[in-house]
Number of protein chains: 2
Amino acid sequence: MAKGITKRSEDYAQWYTDLVLRAELADYAPVRGCMVIRPHGYAIWEKMQAALDRMFKETGHVNAYFPLFIPESFLHREAEHVEGFAPQCAVVTHGGGKKLEEPLYVRPTSETVIWYMYGKWIQSYRDLPILINQWANVVRWEMRTRLFLRTTEFLWQEGHTAHASMEEAEEEALRMLNVYRTFAEEYMALPVIVGQKTELEKFAGAVRTYSIEALTQDKRAIQAGTSHNLGQNFAKAFNVTFLNKNNELEYVYATSWGVSTRLIGALIMAHSDDQGLVLPPRLAPIEVVIVPIYRTEEERQQVLSVAEKLATQLRPSLTLKLDDRDTVTPGFKFNEWELKGVPVRVEIGPRDLEKQQAVLARRDTGEKRPVPLPQVRGRVETTLEAMQQDLYERALAFREANTFPVDTYQEFQEILAEKGGFLLAHWCGDSACELAIQEETKATIRCLPLEASEEAGECVRCGKPSSRRVVFAKAY
Amino acid sequence: MAKGITKRSEDYAQWYTDLVLRAELADYAPVRGCMVIRPHGYAIWEKMQAALDRMFKETGHVNAYFPLFIPESFLHREAEHVEGFAPQCAVVTHGGGKKLEEPLYVRPTSETVIWYMYGKWIQSYRDLPILINQWANVVRWEMRTRLFLRTTEFLWQEGHTAHASMEEAEEEALRMLNVYRTFAEEYMALPVIVGQKTELEKFAGAVRTYSIEALTQDKRAIQAGTSHNLGQNFAKAFNVTFLNKNNELEYVYATSWGVSTRLIGALIMAHSDDQGLVLPPRLAPIEVVIVPIYRTEEERQQVLSVAEKLATQLRPSLTLKLDDRDTVTPGFKFNEWELKGVPVRVEIGPRDLEKQQAVLARRDTGEKRPVPLPQVRGRVETTLEAMQQDLYERALAFREANTFPVDTYQEFQEILAEKGGFLLAHWCGDSACELAIQEETKATIRCLPLEASEEAGECVRCGKPSSRRVVFAKAY
């Protein structure tokens, strides 16, 4: 157990907070519910941004920037939207020393202001599609906050697209859902269930909301990204029409989709351990740390000379840190880089020099192996690849071991209480039944999985017929 | 003259606004003084960010993120700072449906909240230096706004560093000033004067402010970046001390430095013309556009086949657009890509095919030349390099032709009225004299240039002795 970090088995929530603070990923800001993302945490976000931004551009999207402030009246134009968001907004009432005529809402999401602008830009089908993404900060006044997972201000990206048909909008919403799934699997090493939200859980103003849902080590669901088919709702609210190919005026079709700094929380809860952060190599700000070991000045010079040569060999292809600090011991360095989640550590001491070798230590398994110096570079690369793959496989096995088909309400309640995890159960489709289950068990429907097969059954609570299982869980 | 764009010679301010709107760089937002940065404008910002971020990291800086909201009381801790910034802040008074106990200011700049956090993180000299940068949005309630140049909300980066000595802080402030100068010259093709601000013009809370100052085509100064040595002012305001190497408690030394989306305005005003945007190739979102020319379907197929082959050859090293739209004429395409500032256009028509050539057109000079097909790639690359260099040389020559040493107040006023530009004049160092000149002529002291040589003289207004010339100009 790392110094100052509660064990997961003792108190998972406290472990998480200790880890975030001690690994210097984030800190509490002086404003209620806000956080400071410290350099080590922000470097992970930069890696995430780079990968996602590339994937967005490969699917034809461009970036833009819309204003932080939204006139109060804009939120009121879409009935569900104002009901969902207005109560959690921060409101600017004064600017430049004067009271404003109309209060400004700090954006909780940008559909309204973006659709106002799309109204200025769209006249005909030739102006469509618009495929815009924005990287921005948003504010939602949360009552109970937790670093990264739920904060009053957070960073995210929000895609907002405009289309000439409902089919195209649906295709786009599913395309971006799939981009999120690919990112979660291939970069975060995080298996996710892809599905549709229920009416109760969908985005305020959407026709359909899709999400990716992951499982944390303490067997709760965590929503890691959402994609919405907004139909014509926002186009109608902002009167955005286009002349279609038949020369008829029609309201434009919309999607929006987003992921946020919450992903960092999901990442931590997927792989990390009592020693600290465990990061999939593709998102690690530092992939390899070299720690020289020596006692005398002569040893120091010999070891450092080899360490530096090794660093030069590795640097072109890898992000590397050579930790040559004189003020702390190698043991202190091991702990620190384990805490901070560096995937591979290379140790070199005088005895290694004699054997012309270095010792490779792998962060997730703790495995240590001597490697002949000329083979270090290749071995580091294969270890990183193996670790990326193994983290995914382990998380997938964990999820599978904690996914339970349940057929009775008693079984539902027992497994939820004893084991947690994902419960696959039949549900009648009625919001009243969904709400009752939530009140009685604290579990919510995470999604109607897109890849579930048809299967006749009875609602786990009311017994009415159901054609497929949905995913229940307690969620973050 | 491009359609819908006022000529520069008619009305420079209107030309600028027309260009920004017509080239789809930005648009007016529905909130007073705010803008929307459209994809073409944002793509320029992304290029700027990538280059600057790389330069910041090469000089040892890391990124982080601090909160948008600052408690009202924080601004009041530094006397000059609150006086300078509080009157232009947007103020959040309500959150989550309730009135807040303490109003929150939307950050106009982040020194206060960052130094509050540094107080939690810094104990000893071992924790120093801290070299953090942040990419963020800030809000300043401006009375008179102009797209990119002065908007209520804008995007910027703000570096905030903490040091163990005044010398180190000074070195850092000058290092980053030099990074800005290099960026302006090498990427923006923009010559700048590097200098120190007067007491009147310095940042609220700084010991010394440095800036880079460029000259626009209408012969006004534009401040393009600032770097501040903040001394111990913010450390004292937030009680941030460190144990130095002599085991004594000392207040920490600080710098801050920033550039913003205003750079895009400076870029436009440096190089663009009556046809539209002219971009230095290193900041152009699209470096080359290929326009196929044909009349018959047979010609279309032949020309497109060669155009596509050419595109494939150029794409690995260049950002390229093959404009194969059928709905508009080649002439329309020429105008559109000129308006949008693509540096090099490659035209291919049936007669070119016969001669196994293409025609290269260069955006800044309008020069058109046939080039044998196998040489197109090389010629495009040398043309881009030449254009980058020529834009700088031309801007430098323009600045030199519009920089005037003046020795009497009459000469000062005459040249300012007749020619504009940078006036190099002696000044006594007294703020009263500086203010009087400003009131009488509308010219301000842009900076005390760092590279000016000593030269005895007399203040252009009051006749008191002066040891070097300073730079006066009317400014944006």
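To find a chain, count down the sequence lines: A is the first, B the second, and so on, and within it residues start at 1. Keep in mind the model is a prediction, meaning the values are calculated, not measured.
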| task | Indicate yes or no: at least one non-hydrogen side-chain atom of A/Val106 is less than 4.5 angstrom from one of B/Leu68. | result | yes

| field | For B/Phe238, ring-ring contact (aromatic ring centres under 6.0 Å, His included) partners two or more places apart | value | B/Phe74

| remark: Of all heavy-atom pairs linking A/Ile37 and B/Ala64, the shortest is O-CB, 3.3 Å

| said: For chain A, which candidate among B/Ile70, B/Val92, B/Val139, B/Leu104 shows the most heavy-atom pairs at distances under 4.5 Å? | reply: B/Val92

| query | If you tally heavy-atom pairs under 4.5 Å against chain A, which of B/Val113, B/Leu155, B/Val62 wins? | reply | B/Leu155

| request: Determine the minimum heavy-atom distance between B/Cys34 and A/Pro67, stating which atoms define it. | output: CB-CB, 4.1 Å

| field | Portion of B/Ile132 that has a non-hydrogen atom of chain A nearer than 4.5 angstrom | value | side chain

| said: At a 4.5 Å cut-off on heavy atoms, which part of A/Cys89 comes close to chain B: side chain, backbone, both, or neither? | reply: backbone

Polar contacts chain B-chain A (donor-acceptor, d < 3.5 Å, no H, no angle):
from, atom 1, to, atom 2, distance (Å)
B/Asp27, OD1, A/Lys120, NZ, 3.3
B/Asp27, OD2, A/Trp121, NE1, 2.9
B/Tyr28, O, A/Lys120, NZ, 3.3
B/Ile37, N, A/Tyr65, O, 2.8
B/Ile37, O, A/Tyr65, N, 2.9
B/Glu46, OE2, A/Lys57, NZ, 2.9
B/Glu46, OE2, A/Asn63, ND2, 2.7
B/Lys57, NZ, A/Glu46, OE2, 2.8
B/Asn63, ND2, A/Glu46, OE2, 2.7
B/Tyr65, N, A/Ile37, O, 2.9
B/Tyr65, O, A/Ile37, N, 2.8
B/Tyr65, OH, A/Asn137, ND2, 3.2
B/Tyr65, OH, A/Glu153, OE2, 2.5
B/Leu68, N, A/Glu153, OE1, 2.8
B/Cys89, O, A/Gly96, N, 3.2
B/Val91, N, A/His94, O, 2.8
B/Val91, O, A/Thr93, N, 3.1
B/Thr93, N, A/Val91, O, 3.1
B/Thr93, OG1, A/Thr93, OG1, 2.7
B/His94, O, A/Val91, N, 2.8
B/Gly96, N, A/Cys89, O, 3.2
B/Lys120, NZ, A/Asp27, OD1, 3.3
B/Lys120, NZ, A/Tyr28, O, 3.3
B/Trp121, NE1, A/Asp27, OD2, 2.9
B/Asn137, OD1, A/Asn137, ND2, 3.1
B/Asn137, ND2, A/Tyr65, OH, 3.2
B/Asn137, ND2, A/Asn137, OD1, 3.1
B/Glu153, OE1, A/Leu68, N, 2.8
B/Glu153, OE2, A/Tyr65, OH, 2.5

| query | Relative to chain B, which segment of A/Pro30 carries a heavy atom at a distance below 4.5 Å: side chain, backbone, both, or neither? | reply | both

| request: Output the option from B/Gly97, B/Ala90, B/Ala43, B/Ala29 having the highest count of non-hydrogen pairs under 4.5 Å with chain A. | output: B/Ala90

| task | With a 4.5 angstrom heavy-atom cut-off, could you sort out which part of B/Pro87 is near chain A: side chain, backbone, both or neither? | result | backbone

| field | Interface moiety of A/Leu100 toward chain B, non-hydrogen atoms closer than 4.5 Å | value | side chain

| query | Side chain, backbone, both or neither: which part of A/Met143 has a heavy atom under 4.5 Å from chain B? | reply | neither

